[in-house]
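Each chain gets a letter, A, B and so on, in the order the sequences are listed, and its residues count up from 1. The analysis underlying the following values was restricted to heavy atoms, covering all of them including side chains, and did not include hydrogens, waters or symmetry mates.
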Number of protein chains: 2
Amino acid sequence: MNKRELSQEELQLWYKWKGTFNNIFGRVIKEMSEHTGLSEGDYGVLDRLDLLGDGKLRQQELADSMDWDKSRLSHHLTRMEKRGLVTRKPLDADRGVLVGITDVGTSALSDARPIVAMAIRRHFLDQLTDLDIASITKLAEKTKTRSP
Amino acid sequence: MNKRELSQEELQLWYKWKGTFNNIFGRVIKEMSEHTGLSEGDYGVLDRLDLLGDGKLRQQELADSMDWDKSRLSHHLTRMEKRGLVTRKPLDADRGVLVGITDVGTSALSDARPIVAMAIRRHFLDQLTDLDIASITKLAEKTKTRSP
DNA sequence: ATAGCACGGTTGACGTGTCAACCACAATAC
DNA sequence: GTATTGTGGTTGACACGTCAACCGTGCTAT
């Protein structure tokens, strides 16, 4: 069998996997954004500010914790700042920037937490067997990003 | 246990699952786009034109087969047309549009096929055990989009 | 007839992502 | 001194996705 070609079954598996992810992930995100007006990125930012930094983090740490590059985060924070979810304050120590969560951000996050939790439970966790869980865990281990 | 909250393990599972998908999927797409200049969307369009329509399909059929809405496809075709990958021809029968693959598109597709196949094999299929395959298959069945 | 609707598509606005170029400043190299 | 490099971040351009509004045209109901 030619290694350069995929069988019908192999290709179908790839499409099924993509489709499943997009379905589940899309449902969770849609549920959150419809109920809270937050996007996935917004939630990630607010969540880390709250949990990791007790409300404030320097931009680079935030980017690292989200596995985002600095440009992506910079653009995203610009939009979030405009909506009053976060603030940016220059740190004259070393040209860094301290990102802080606002009251608006805090309250949006509180609203979002239970909704996200329930969405993940309904659309994802409730669909999984113990076998699926084992599979996901091992696959994640096997395909982790190699730290440079 | 409060159903509105997720345990650490549950949350970790969600993140692992997202991370695994993004890693594998990102690797496959990056490999294709670096070698051929095609995006995932480009490949999908060309692939379906070739396989389903022998080089031409009306826009709505194309959109349906990709599970894209008409707006998304319209925008994407505009970009692909500009690059000479496809053509659009009005069907005066019913205001439909016939999308056709060009020589440039055909040759780009031929280049991409083996690369995509090998990338899917290396980054995805080769990582799976029989157990993973069973899990993926069943989960796909369970979470399929409801048709209407 | 005409009002309403469905179909097939386009368009504009805007959020999101990526890439490469840039900027200011500090530390180090020569 | 003057390069070079590194750090921390911004910016602009452009691809991609989604949403809502719109445009012709034909079909149907009244």
Closest to the 5' end of DNA chain C, once Ser71(B) and Arg58(B) are matched to their nearest nucleotides, is Arg58(B)
Rounded to whole Å, the CD-P distance (Glu40(A) to dG17(C)) equals 7 Å
Ring centres under 6.0 angstrom apart (Trp17(B), Phe25(A)) | no
The residue among Asn23(A), Thr129(A), Leu131(A), Leu128(A) that forms side chain to side chain contact (heavy atoms under 4.5 Å, CB included) with Leu139(B) is Leu128(A)
Here the distance between atom C1' of dG8(D) and atom CG of Leu98(A), to the nearest Å, is 14 Å
Looking only at dG9(C), dG9(D), dG17(C), the nucleotide nearest the His76(A) side chain is dG17(C)
Measuring only between side-chain heavy atoms, which start at C-beta, is Thr36(A) closer than 4.5 Å to Ile115(A)?
yes
Assign each of Lys30(A) and Val97(A) the nucleotide of DNA chain D bearing its closest heavy atom; nearer the 5' end lies the nucleotide of Val97(A)
- Query: Hey, does Arg83(B) reach any base, or is it just sugar-phosphate, or nothing, if we go heavy atoms under 4.0 Å?
  - Reply: nothing
Rounded to whole Å, the CZ-C1' distance (Arg79(B) to dC16(D)) equals 5 Å
Quick note, Arg95(B) side chain, CB onward, closest among dG9(C), dG17(D), dG24(D) is dG24(D)
So His75(A), base contact, sugar-phosphate only, or nothing? Heavy-atom distance under 4.0 Å. base
With heavy atoms under 4.0 Å as the rule, sort Ser39(A) into base, sugar-phosphate or nothing.
sugar-phosphate
Practice prompt. Determine whether the side chains of Ser39(A) and Asp42(A) contain a donor N or O and an acceptor N or O closer than 3.5 Å.
Written response: yes
Asp94(A) atom CG is separated from dA27(C) atom C1', nearest whole Å, by 14 Å
To the nearest angstrom, the CD-C1' distance between Gln60(A) and dT7(D) comes to 9 Å
From CG of Asp67(B) across to C1' of dG17(D) the rounded distance in Å is 14 Å
Arg72(B) has its side chain closest, among dT10(D), dC16(D), dG17(D), to dG17(D)
Separation of dG9(D) atom P from Leu77(A) atom CG, nearest Å, is 10 Å
Practice prompt. Can you establish whether the number of heavy atoms outside Asp130(A) located under 6.0 Å from its atom CG is more than 12?
Written response: no
Rounded to whole Å, NZ of Lys70(B) lies from C1' of dG24(D) at a distance of 12 Å
